[in-house]
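Written out below as structure tokens is the structure these notes cover.
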Amino acid sequence: MVNKDYSQVLTKIDMIAEKIYNDLQETKIPYLNLPTRTKANIKFDDKLSVWKYGKSSTERNAKSLDGAYMILRTMYMADFIKEMIKVKKSSTLREMYYISEGWDLAKFHSQDESNLLAEDLEVITNCMREDFKLRPEEDGARVIGNLTIDEMTRNNTKKKIHCQDDVGDAGYSIPYNVEKDKITIKSCDADFIVAIETGGMFDRLVENGFDKSNRAVLVHLKGQPARSTRRFIKRLSTEKKLPVLVFTDCDPWSYRIFASVAYGAIKTAHISEYLATPSSQYLGVTPSDIENYELPTDTLTTEDIGALKSELTDPRFQDNFWKGEIKLQLKMGRKSEQQALAKYGLDYVTDTYLPEKLSEMGIIKK
Amino acid sequence: MSQIIAEELAKKQKEISVAEFFERNKHILGFGNRTRALITSVKEGVDNALDACEDASILPDIYVEIKNHDDGECIIIVEDNGPGIIKQQIPHIFGRLLYGSRFHAIRQSRGQQGIGISAVVLYGQLTTGKHTKIISKIEQDRPAIITNLVIDTNKNRAEIINTDTIHWDKQNGTRVEVSIIADFKRGKKYVYDYLQSTSIVNPHARITYKEPDGTIHIFERTAEQLPQKAEEIKPHPYGVELGTLIKIAKNTKARQLNSFLKTEFSSMGDRTSNAVIEKAGLDKNINPKDMTRDQFLALHKTFKEIKIMAPSTDCLSPIGETLIKRSLKTETQEISPEFIITSSRPPSVHSGNPFQVEVGLVYGGNLPKEGPVKILRFANRIPLLYQQGDCLITQAISSIDWRRYGLTQPAGKGIPTGPAIFMAHISSTQIPYTSESKEAIADVEEIEDEVKLAFRECARKVQKHINKKVSRVKTREKFDLITRILPEIAKKSAHMLDKPVPSLDPIITKIMDVVWIEDVVEYEKVNRKPVQTTLAQEGAEKPRENVITKSKIMVVNYKRNSQKFNLYAIIPKDAVVGTVTPKPIKITSNYIKWSFDSIPPAEKVDVSFELAGLEKGDFDENDLYVENINPAYVIGADKWEGD
């Protein structure tokens, strides 16, 4: 692996220690300021075309027990990251959670707590998790399409992989690090990217040869996509100038998957410009599709209805398309799955549904 | 002709035998079914045993055993360490119904009904046909007497099967063995509950209970003193009924009405007697034996119209708050309750009958969180097991809104739900039961008011405890923050930057900004007598236990300037104060007062005091107050509201 320069990261981490140390010396109650990470505090950034945290911020100070714990944990985590950089190791978020068992007072009670604090630390330092040598548990998802990637292997050699010829039907597996020191996108001869929520639909499109017949790169999102999957889509789309179409189930949770690909997630809004692909378009399945294609449906649950209503106040869903579709769905009281298209046969999705939708959106010509 | 019919009828009329009377009325006497019969039998045996011991000023040590056969026959054995019964009295006590000395006396007593243990003997012989075995020993050096008897139901007299002398290891005491038909399977829980409850209100008794399967439960004694003896008093005019008034007049030795009133009734002095006589329009020199019914009626009516002093309350023998708390604590040990709170009312009077209410509340621990609270009702140290819903105690509890004391109660009425036990004990010369079975106390306004007042007082104490707990949690958090987390933050930041650890004192006073008081209570077993520093010494003559309760209070000034204030610690009335540091400026029977002239910022003052005459756990929480300082600046003590 190429030796990355971590000196800047180290400086930023030490700045936290200095801030606290100086507060103590000046007999001030130590505190840290960070943006409020809630739905109410995300704003559209016109320059970057993604959603970022707004101006409201939260002060964590040592006056309260929770604030003091948070500061202490931040210090421990910062020191741990410094140590990892020094000895050239990395750890998973889960490993760090277990390591914190030995942090006495500063230990976490759940991995959610430590994951959240790692994100806080990103926000405070303006660094990325990858800079901290922390990686997620889950791997990225799978890709199939006419593109070639150079991946730096652990033996420090570059391996060239063609995402159709060099891979099996499962496709190329996206690593947790997709930055330039790890992968390079060499060439790509395709017209668009289809990001698919479910494995079943991804495999259907692969089996039907949709990547070849329609010059598409197929990416499996595996539900709510991992950071590396979103980062990969973002790089492929910008570097090769390809439009991104998101193809999911027709329910409120799937719309959030689309939003995180296109606009950035609320939890990671501090790095939206790295992860989000603002030009992404939602392909389907839309509530209108349910009506137009007469798809089999299920009734919306109370949770579904709550989620849809919450999306009506989510700043990311404020355009006419989404408002109309969400209201329509609330009126119908129904939801559907991608694979409901199989009602008309296994080839219907590739032969009829996708070509119709794609030409409607101006991606392909009939 | 009519004379012949009358004679014929007269032939058919005969005395109803005791057995028939019992058979017809067994439900009122507590033998209505096989479960009730079991409990009533145990109850009569235990009541008898407790009374015997107390009359002889012996700390009761009672053994109860039940043997159970498959055919539903139970052998009930109750043994005490009382004074024993002389041979001649045994047939009267065990072999005659409605025989006893308690029935006529006006003072607090268990029995009142006089049906007693002989009813059990009769029930046993009616259901099993077996006789009752009594062993009794009155003196160390004499042999014990063993008697087997049944009741001759036609004569209401004992019929002795045999009697003999035997050797009995016990110094003195009585043992009764009765066979009865009973349902042990169903009654098992009730017997245990009854004995446990009995132990709560009789902390001076030790009860050992052996179940048929050999399981032994010991309800340990928690007080080494016998309850204060209830004095016998004369009837009070407010409580006397017309018939009783006439009966007393028939038997009096007084020859004149005014001396009759003064000698036969309580609270009747010269002035009151004369006022009554005058208002009733009677002659004070009239001989009561010569009075007409109308004259009695006028006298009786006037009693109610004249203000007569309340009767003396010496006739009551309440348990006392400290002992109730101690008993409840012992009996709920396995539950490890969060707190036990007690409250006791001064004596009061209902229709001329003195009474007193004592209540207790056990909360939290392993008590079930679902379901209604458990209510333990007692009258004159006897547990009331049935008819809970009809009882005044239940009604009083139901009428209080318990919702803000950590209990659930729909609409703030009815029996609350939650992890709690409510206990109420009413002592009186005359408990107004709803019916002959004596299981529920009737709706008497004066008593209900007192029960409510007692429980309200308890509720206020609960509220105080809850507030203290909340502020303690907050205090603990802050203390953690300044003593553990903040130094750790300082250490870590210094370590990361390779710099010396900064001083934290000024930040600590900034974060805390309070005067902080923390206390702990410890117990020490000692043989020495406590050093006394008291000015007035009220509880000094009380016997000293060899446990010293030590209370340590730490006062830290976490404000940014010096503080001057007074501190008060409440002490129980029955405690003896030992060493107190620093020197207090005042000690009274219920508090110790210190005055702090100036405590500089970040300075600590250690305060401590010792209490003797209490048992471990009697004083388990300090009650602290401050004066001459804004109470908002203080954590760990409340505002002093005056003596």
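Because the structure is predicted, anything quoted here is derived from the model rather than measured. Lettering of chains follows the sequences in order, A, B, ..., and the numbering in each one begins at 1. Hydrogens, waters and symmetry mates play no part in the numbers below; they use all other heavy atoms, side chains included.
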* **Residues, nucleotides or ligands: over 12 heavy atoms within 6.0 Å of Glu101(A) CD** => yes
* To do: Take atom CD of Glu477(B) as the centre, draw a 6.0 Å sphere, and report whether it contains more than 12 heavy atoms from other residues, nucleotides or ligands.
  => yes
* Asked: Are more than 12 heavy atoms from other residues, nucleotides or ligands located less than 6.0 Å from atom NZ of Lys604(B)?
  -> no
* If you measure from CD1 on Ile508(B) to CD1 on Ile29(A), what distance do you get to the nearest 0.5 Å? -> 11.0 Å
* Out of curiosity, Ile71(A) CD1 to Ile485(B) CD1, how far, rounded to the nearest 0.5 Å? -> 10.5 Å
* Structure fact -> Residues passing the salt bridge (charged side-chain N to carboxylate O under 4.0 Å, His left out) test with Lys478(B), sequence neighbours excluded, are none
* Exceeds 12 heavy-atom contacts within 6.0 angstrom, atom OH of Tyr31(A) -> no
* For Leu486(B), is it the side chain, the backbone, both or neither that has a heavy atom under 4.5 Å from a heavy atom of chain A? -> side chain
* **Other residues, nucleotides, ligands: >12 heavy atoms within 6.0 Å of Lys107(A) NZ** => no
* Asked: Would you call Ser503(B) and Thr27(A) a side-chain contact if the rule is heavy atoms closer than 4.5 Å?
  -> no
* Name, in order of residue number, those residues of residues 58-66 of chain A that have a heavy atom at a distance of less than 4.5 Å from a heavy atom in chain B; otherwise write 'none'. => Ala62(A), Lys63(A), Ser64(A), Leu65(A)
* **Smallest separation among heavy atoms of Pro30(A) and Ile507(B), with atom names** => CD-CG2, 4.5 Å
* Structure fact -> Taken to the nearest 0.5 Å, the spacing of Asp23(A) CG from Ser493(B) OG works out to 9.5 Å
* Structure fact -> Applying a strict 4.5 Å limit to non-hydrogen atoms, the region of Ala106(A) in contact with chain B is neither
* Measuring heavy-atom distances to chain B, does Lys19(A) have an atom under 4.5 Å in its side chain, in its backbone, in both, or in neither? -> neither
* Atom OH of Tyr274(A) with >12 non-hydrogen neighbours under 6.0 angstrom -> no
* If you round to the nearest 0.5 Å, how far is CD1 of Ile16(A) from CG of Leu497(B)? -> 11.0 Å
* Between Lys82(A) and Met496(B), is there a donor-acceptor pair closer than 3.5 Å when you use the side chain of the first and the backbone of the second? -> yes
* Give, as side chain, backbone, both or neither, the part of Pro500(B) having an atom under 4.5 angstrom from any heavy atom of chain A. => both
* **Contact origin within Leu504(B) toward chain A - heavy atom pairs under 4.5 Å** => side chain
* Asked: NZ/Lys499(B) to CD/Gln25(A) distance, rounded to the nearest 0.5 angstrom?
  -> 6.5 Å
* Asked: Under a 4.5 Å cut-off applied to non-hydrogen side-chain atoms, are Glu488(B) and Tyr76(A) in contact?
  -> yes
* Are the side chain of Lys492(B) and the backbone of Leu72(A) linked by a donor-acceptor contact shorter than 3.5 Å? -> no
